[in-house]
2 protein chains.
Amino acid sequence: MRRDVFQAIADPTRRAIITLLALHAMTPNAIAEHFQSTRQAVSKHLRILTECELLHQEPQGREIFYSLHMDKMKEIDIWMEQVRKIWESRFSQLDDLLEEMKKGQL
Amino acid sequence: MRRDVFQAIADPTRRAIITLLALHAMTPNAIAEHFQSTRQAVSKHLRILTECELLHQEPQGREIFYSLHMDKMKEIDIWMEQVRKIWESRFSQLDDLLEEMKKGQL
DNA sequence: GATATGCGCAACTGATCGGTTTCTAAAATT
DNA sequence: AATTTTAGAAACCGATCAGTTGCGCATATC
């Protein structure tokens with residue numbers, strides 16, 4: 001049951017839905033028209049995306065408009081940034097090592 | 001069999017492995033020490049990460065050093081950037097609409 | 001009020017996933 | 001040469017996943 005953003009964007013259809021909704025809010029039927037699969041299949045994806053708070057529902061009469069909650073996308077950025085930080089620190093760590101070696105040898 | 005980067009980073013253990021290897025190359029045994037699961041389980045993750053070219057193998061005697069292939073991580077950035085671009089264009093689209101309305105009414 | 005539309009929910013199915021256990025091969029150690 | 005270490009490969013298992021079909025429930029439309 002535990003949904004996280006990374007699992008959510010693992011599915012190509014869900015990524016396509018996110019891309020679609022980045023432009024403007026849409027109803028399940030309108031979204032489903034962009035895919036070969038049934039509305040129910042799309043509805044399941046919408047449920048998963050909503051559960052992990054990537055989407056937001058806005059009922060309007062008997063229709064429900066789904067919109068992208070861009071803030072949640074930042075969680076991906078945060079992780080990417082973390083990895084990038086460590087990746088870059090790699091060099092300074094090598095510098096530290098070389099410094100240590102120099103001290104030990106001299 | 002089709003492996004893509006997004007599926008690869010969907011698993012928390014694999015993300016942890018990526019974070020680990022961002023610092024420096026490691027052998028499967030060394031990596032496995034950081035987790036509760038068996039070496040074989042970790043080895044499977046390494047296989048998946050290597051298949052989608054996120055990792056690179058460097059045999060050294062009977063050991064294999066796995067290192068992060070940072071370039072492949074950019075694929076995630078590219079998608080994120082694409083979504084962000086569309087998200088931002090949302091407003092200019094609204095501007096276009098307002099422009100159109102203005103023309104129609106005036 | 002009857003009908004049509006839009007949508008979520010539940011049950012089912014085949015495929016895939018993450019994990020363990022067992023086995024094999026190659027390189028290092030003795 | 002025998003043993004130990006390192007690691008991938010294969011077989012298996014329960015859990016989860018993506019998808020379909022069928023259903024029920026609201027909200028519009030006639």
Side-chain angles (χ1 to χ4, degrees), chain A residues 1-21 24-69 72 76 79, chain B residues 1-21 24-69 72 76 79:
Chain A
M1 259 298 169
R2 267 283 172 89
R3 303 279 181 203
D4 71 282
V5 186
F6 294 96
Q7 209 189 333
I9 64 162
D11 185 85
T13 304
R14 283 199 288 269
R15 282 200 301 281
I17 290 174
I18 289 174
T19 308
L20 264 179
L21 296 182
H24 49 69
M26 292 174 82
T27 65
N29 267 328
I31 297 166
E33 278 174 14
H34 289 79
F35 303 96
Q36 286 102 328
S37 58
T38 61
R39 177 190 60 81
Q40 279 86 346
V42 171
S43 205
K44 267 192 167 184
H45 286 305
L46 292 174
R47 186 169 171 269
I48 290 169
L49 289 166
T50 306
E51 267 178 13
C52 73
E53 298 177 308
L54 270 171
L55 299 188
H56 175 246
Q57 304 182 332
E58 186 108 12
Q60 206 152 321
R62 70 181 163 190
E63 294 183 323
I64 299 175
F65 282 85
Y66 284 85
S67 58
L68 183 58
H69 179 50
K72 199 70 178 181
I76 300 157
W79 180 73
Chain B
M1 258 297 170
R2 267 285 172 89
R3 302 281 182 204
D4 71 282
V5 187
F6 295 95
Q7 209 190 334
I9 63 161
D11 185 85
T13 305
R14 284 199 286 269
R15 284 200 301 280
I17 290 174
I18 288 174
T19 308
L20 264 180
L21 296 182
H24 49 68
M26 292 173 80
T27 64
N29 267 328
I31 297 166
E33 278 174 13
H34 289 79
F35 303 96
Q36 287 101 327
S37 59
T38 60
R39 179 189 60 80
Q40 279 86 346
V42 171
S43 205
K44 267 193 167 186
H45 286 305
L46 292 173
R47 186 169 172 269
I48 290 169
L49 289 166
T50 307
E51 267 178 13
C52 74
E53 297 177 309
L54 270 171
L55 300 188
H56 175 246
Q57 304 181 330
E58 185 106 16
Q60 206 153 321
R62 70 181 162 191
E63 293 183 323
I64 298 176
F65 281 85
Y66 284 85
S67 58
L68 183 60
H69 180 51
K72 198 71 179 181
I76 300 158
W79 180 73

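Chain letters run A, B, ... following the sequence lines, proteins first, then strands; residues in each count from 1. Computed from a prediction, not measured in an experiment: that's the story for all the values here.
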Going 5' to 3' along nucleotides 2-10 of chain D, which nucleotides have protein heavy atoms under 4.0 Å from the base (write B), which only from the sugar-phosphate (write S), and which from neither (write -)?
--BBSBBB-
Can you tell me the distance, in whole Å, between the CD atom of Glu58(A) and the P atom of dG8(C)?
14 Å
Give the rounded distance in Å between these two atoms: CZ of Arg14(B) and C1' of dC17(C).
8 Å
Lys/Arg-Asp/Glu bridge criterion (N-O < 4.0 Å) met for Lys44(A), Asp11(A)
no
For Ser67(A), run the side-chain contact (heavy atoms from CB on, under 4.5 Å) check against His56(A), Gln57(A), Glu58(A) and tell me which one passes.
His56(A)
Contact summary for Lys72(B) and Glu53(B), nearest pair of heavy atoms:
NZ-OE1, 3.2 Å
Taking atom C1' of dG8(C) as reference, at what distance in whole Å does atom CD of Glu51(A) sit?
13 Å
Are Leu55(A) and Leu68(A) close enough that some pair of their side-chain heavy atoms sits under 4.5 Å apart?
yes
Could you report the tightest heavy-atom contact between Leu21(B) and Tyr66(B), atom names first, then the distance?
CD2-O, 3.4 Å
Before you tell me yes or no, could you show the steps for Ile9(A) and Trp79(B) under side chain to side chain contact (heavy atoms under 4.5 Å, CB included), namely the whole-Å CA-CA distance, both residues' side-chain angles and the distance that decides it to 0.1 Å?
CA-CA 10 Å; Ile9(A) 64 162; Trp79(B) 180 73; 4.0 Å; yes
Look at the side-chain N and O atoms of His45(A) and state whether any lies under 4.0 Å from the OP1 or OP2 oxygen of dC17(D).
no
Under 4.0 Å, heavy atoms only, any strand: does Ile48(A) hit a base, just the sugar-phosphate, or nothing?
sugar-phosphate
To the nearest angstrom, the CG-C1' distance between Asp11(B) and dT16(C) comes to 13 Å
